[in-house]
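Reading through the structure tokens given below for one structure.
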2 protein chains.
Amino acid sequence: MTYEGYEHLIDLIAQGDEHSLRAALEEIPPADIAEYIDQNFEVYSTLALLEKMSSEQQAEVFGYLRPQNQEQLASHMEVAVLAQLFRDMSPDERADLYALLDVKLQDAVMRRLAKRDREDLLRLASYEEGTVGSVMTSDYAMIPAGSKVDDAVRRLRQSAPDKETIYQIYVVDKDNRLQGVVSLRELITAAPTESIDDLMTRDVVLLKPEMPQSEAARIISRYDLLAIPVVSETDVLLGIVTFDDAMDVVQEEDTESMHKSATVGKLEGGIKDASPVLIYRSRINWLVLLVFANIFSGMGLMYFEATIETHIALLFFLPLLIASGGNTGAQAATLVVRGLATGDLSKSDWAYMLGKEMLVSVGLGVTMAAAISAVAYFRVDSIIVPIVAMSMVSIVLVGSFIGVLLPFVLKRVGWDPATASAPLVTTIADASGVLIYFGFAAVFLGIS
Amino acid sequence: MTYEGYEHLIDLIAQGDEHSLRAALEEIPPADIAEYIDQNFEVYSTLALLEKMSSEQQAEVFGYLRPQNQEQLASHMEVAVLAQLFRDMSPDERADLYALLDVKLQDAVMRRLAKRDREDLLRLASYEEGTVGSVMTSDYAMIPAGSKVDDAVRRLRQSAPDKETIYQIYVVDKDNRLQGVVSLRELITAAPTESIDDLMTRDVVLLKPEMPQSEAARIISRYDLLAIPVVSETDVLLGIVTFDDAMDVVQEEDTESMHKSATVGKLEGGIKDASPVLIYRSRINWLVLLVFANIFSGMGLMYFEATIETHIALLFFLPLLIASGGNTGAQAATLVVRGLATGDLSKSDWAYMLGKEMLVSVGLGVTMAAAISAVAYFRVDSIIVPIVAMSMVSIVLVGSFIGVLLPFVLKRVGWDPATASAPLVTTIADASGVLIYFGFAAVFLGIS
């Protein structure tokens, strides 16, 4: 009974039977049709496929397509067809599509829309990318304050097909100011003559359109909400953000943090569609910065030139020692960065986490020192073995120390803790590692 | 109007007015009360606070608490109170709590529950951590096939308060086998005498209890669903997974991938509560493995001992050159790993991504080479400058090549692509970097 729309569609298109394809398309979830289109994208065959659907289904499928494909299809469509698509799309999705079009096409579509749709579209399209306003929709269910329950249910029945959700109903005054929220669950279990005003919740979690979209996702996830209302400074209801949009935001934000953890900057619209120039730009700044930061490690090596020249065998252990500090530090930084992002850790946990990490890293350092001492014992002068072991423990401790503290420090000064990326922590740990290792060597081998 | 329950609660508790605290607790969202408790955890003051709430609210708050705190509270509660908590908690949350208790306490609670609750609890608690079964709940709304719409609405009204969601209603036959799904939206807009069988959707996206929980999250997010039914091999309805549980799963899975990106293994229950021993265990294996892997870089250095001894100045550029390969490779790997995880990339995109990355990395390498040549020009013999520049471009290309291909290769052989973590890619890039740099040096400086 599980529905695998994607495979089904491939079979149908391969068979080439127009009639059964048309019938089957109605039954296939729009997300599956969109996946098929994205995976096998070609403008003209896609336009032909879209023509076989009702305009409502076209609109739904369109909302799931990659932005780049939406843009290409739109520019190849007849303007009248495109305008119909705009009428059928949900307000938040059509605002996203509108932003992708060139100015000429935007004007052409706009001229064909009713005044109401035009105003709604312009308003939603005006919010900056990444804000609550940019992900909210204006298709919410509302009822006037003072309504009776049976009135409210009657209104909902009529408007249900057009709304993004009818499970949260917003109660507004005559100026459209939000007074409270009532759920459909509450409505259908209440007495028909009860007043909405007695039933509704007045303490509502609210958003403002200019808040970052991550805030909407955080609140929806924290309170397990279906939707949150977005209001203006004067409490006028502007739209709602629904749980499915919040899930997309969570995924987007996590992608951004993961990229940041490897010093990759913001990449709008996914790696597959990104142009080489865009990818280059998102990566080059940090790479060049890190090249210069690594000069310190080089300077450290040069400072100990004499030590290295007399005991060149020391170099054998250099890569594994400095890598160990970097790896342990990157682990610690990643744990703290993610803990801060999910709310598992708060700013004030720095001392607790540092204490715990020092305990852990002594264990890690000693184990790693033991492992490498076994190797060293068979390979080099026995005098080097304790130097390597001591260095390993110290380097791991320093790496962990940097890894734990850096994200907390960044958070304290108001930066994104994710800036404490693995490459940055590794670079700092590398330089410390060079100084620690050759410092020990210089002292114990009696060279300066 | 925005509700900031957490701050409100702090004020109230500081004021110490029992009466207004009791009244206020009813209005504060459970998630906010739970945050207050987790942030200021102490067993006896928390038990005193819980006593001021209704048992329903206690149950809701409990579900939001950290597992470690739930466990401590449960072991300090009277068994009768704990049993009441179990009766009021939602089935999925009480199954999680049950799994935290020691066997003696499990038995004591179990003896106090009604047969129906006992069976439900044992069934839900039997699913393995990380499966769909472990996150599903048995509080779903269902109606018998053949019902009329008005009948169905009447049943829903009665059962609404006990259900996790009543917005998706599952239609079952007399053996509890799933026949279809109808939404409350469809129900309230349909004619009262219409048959459910004509209204319901028969092609339903389904889950099996033994599937990984990430699959539930993926499907809910893909189709924008409120809930998905979980059925047995014979289509018997076992439970549902709701969007809010799916959001938690997404967060959990993303945490796991981020940890993996820095070679940290699975950490049950968050970094704050994890014991030092648990943290040590999740990190040590990869660290020791990488120590040994870095021996190859050391061997590379020793192979070029003669080159280094005659031109010790080469060492100055060693750290920044090998770090550059690692950093570029880690960027590429992170982009591909995340692309594969979100579905933006599929297995077959490897050639396309490799081609694009080679283009990008030539750009990155040339820019980084230019930057470092400027430094090198003022510092060392002019003969070294072209060696450093050539090495930079080659090392960056090799690092990117490894970074793009490794995740695709891992995916192909059935491993988690996230295993291509930054430290692993860096280690491989480091060894290649040593060989490339000193290889060029040996050739151009005429030493072998």
Side-chain angles (χ1 to χ4, degrees), chain A residues 2-3 29 31 157 160 166-167 185 188-189 203 205-206 221-224 243-244 247 250 254-255 258 262 264 270-272 276 279-280 283-284 287-288 290-291 294 297-298 301-302 305 312 315-316 319-320 323 327 330-331 334-335 338-339 344-345 356 359-360 363 367-368 371-372 422-423, chain B residues 2-3 29 31 157 160 166-167 185 188-189 203 205-206 221-224 243-244 247 250 254-255 258 262 264 270-272 276 279-280 283-284 288 290-291 294 297-298 301-302 305 312 315-316 319-320 323 327 330-331 334-335 338-339 344-345 356 359-360 363-364 367-368 371-372 422-423:
Chain A
T2 305
Y3 207 73
R157 279 213 183 97
I166 58 158
Y167 301 139
R185 186 198 291 236
I188 70 156
T189 50
D203 284 325
V205 182
L206 297 174
S221 156
R222 178 186 172 99
Y223 298 105
D224 295 338
F243 74 94
D244 50 319
M247 283 187 95
V250 167
D254 282 349
T255 297
M258 285 188 202
V264 177
I271 180 68
K272 185 154 178 186
I279 300 178
Y280 171 89
R283 293 165 65 179
I284 190 64
L287 286 177
V288 169
L290 290 171
V291 166
N294 272 293
S297 294
L301 285 177
M302 288 297 101
E305 202 176 322
I312 196 111
L315 281 182
F316 177 77
L320 64 89
N327 291 339
Q331 287 184 335
T334 303
L335 285 167
R338 183 64 181 164
D344 188 24
L345 296 176
K356 189 152 78 170
L359 214 61
V360 172
T367 313
M368 290 154 85
I372 198 55
Chain B
T2 305
Y3 206 74
R157 280 214 181 94
I166 59 158
Y167 300 139
R185 187 197 291 234
I188 70 157
T189 50
D203 283 326
V205 181
L206 298 173
S221 155
R222 178 185 171 100
Y223 297 105
D224 295 339
F243 74 93
D244 49 318
M247 283 186 94
V250 168
D254 282 349
T255 297
M258 285 189 201
V264 177
I271 180 69
K272 184 155 180 185
I279 300 178
Y280 171 89
R283 295 164 62 181
I284 190 65
V288 170
L290 290 171
V291 166
N294 272 293
S297 295
L301 285 177
M302 288 299 100
E305 202 175 324
I312 196 108
L315 281 182
F316 177 77
L320 65 89
N327 291 339
Q331 287 184 335
T334 303
L335 286 167
R338 183 63 180 166
D344 188 22
L345 295 177
K356 189 152 78 170
L359 212 61
V360 172
L364 296 173
T367 313
M368 291 154 84
I372 198 56

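So that the names make sense, note that chain A is the first sequence line, chain B the second, and so on, each numbered from 1.
Note that CG of A/Asp224 is 12.0 Å distant from CZ of A/Phe243, once rounded to the nearest 0.5 Å.
With respect to chain B, the highest number of heavy-atom pairs below 4.5 Å among A/Asn327, A/Asp254, A/Val360, A/Val264 belongs to A/Asp254. Between chain A and the options B/Ala371, B/Ala330, B/Gly339, heavy-atom pairs under 4.5 Å are most frequent for B/Ala371. Ranking B/Val250, B/Thr255, B/Ile279 against chain A, the residue ahead of the rest is B/Thr255, based on heavy-atom pairs under 4.5 Å. Top candidate by heavy-atom pairs under 4.5 Å with chain B, chosen from A/Thr367, A/Leu301, A/Leu335, A/Ile372, is A/Leu335. In terms of heavy-atom pairs under 4.5 Å with chain A, the best-connected choice from B/Leu290, B/Ile188, B/Thr334 is B/Ile188. Taking A/Thr189, A/Val288, A/Val291 one by one and counting their heavy-atom pairs under 4.5 Å with chain B, the maximum is reached by A/Val291. With chain A as the partner, the residue from B/Arg157, B/Arg185, B/Glu305 showing the most heavy-atom pairs under 4.5 Å is B/Arg185.
Contact annotation: the side chain of A/Arg338 never approaches that of B/Ile271 to less than 4.5 Å [non-hydrogen atoms, C-beta and beyond]. In this structure, B/Gln331 and A/Leu287 have side chains that are in contact, with non-hydrogen atoms separated by less than 4.5 Å.
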Q) For B/Met368 and B/Leu320, what are the C-alpha separation, side-chain angles and deciding distance, and is it a side chain to side chain contact (heavy atoms under 4.5 Å, CB included)? A) CA-CA 10 Å; B/Met368 291 154 84; B/Leu320 65 89; over 6 Å; no
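Proximity to chain B (any heavy atom under 4.5 Å) is restricted, for A/Leu359, to the side chain, taken from C-beta onward.
In this view, A/Tyr167 satisfies the side chain to side chain donor-acceptor pair (under 3.5 Å) rule with no residue, not counting sequence neighbours.
Under a 3.5 Å cut-off, the side chain of A/Asp344 and the backbone N or O of B/Lys272 do form a donor-acceptor pair.
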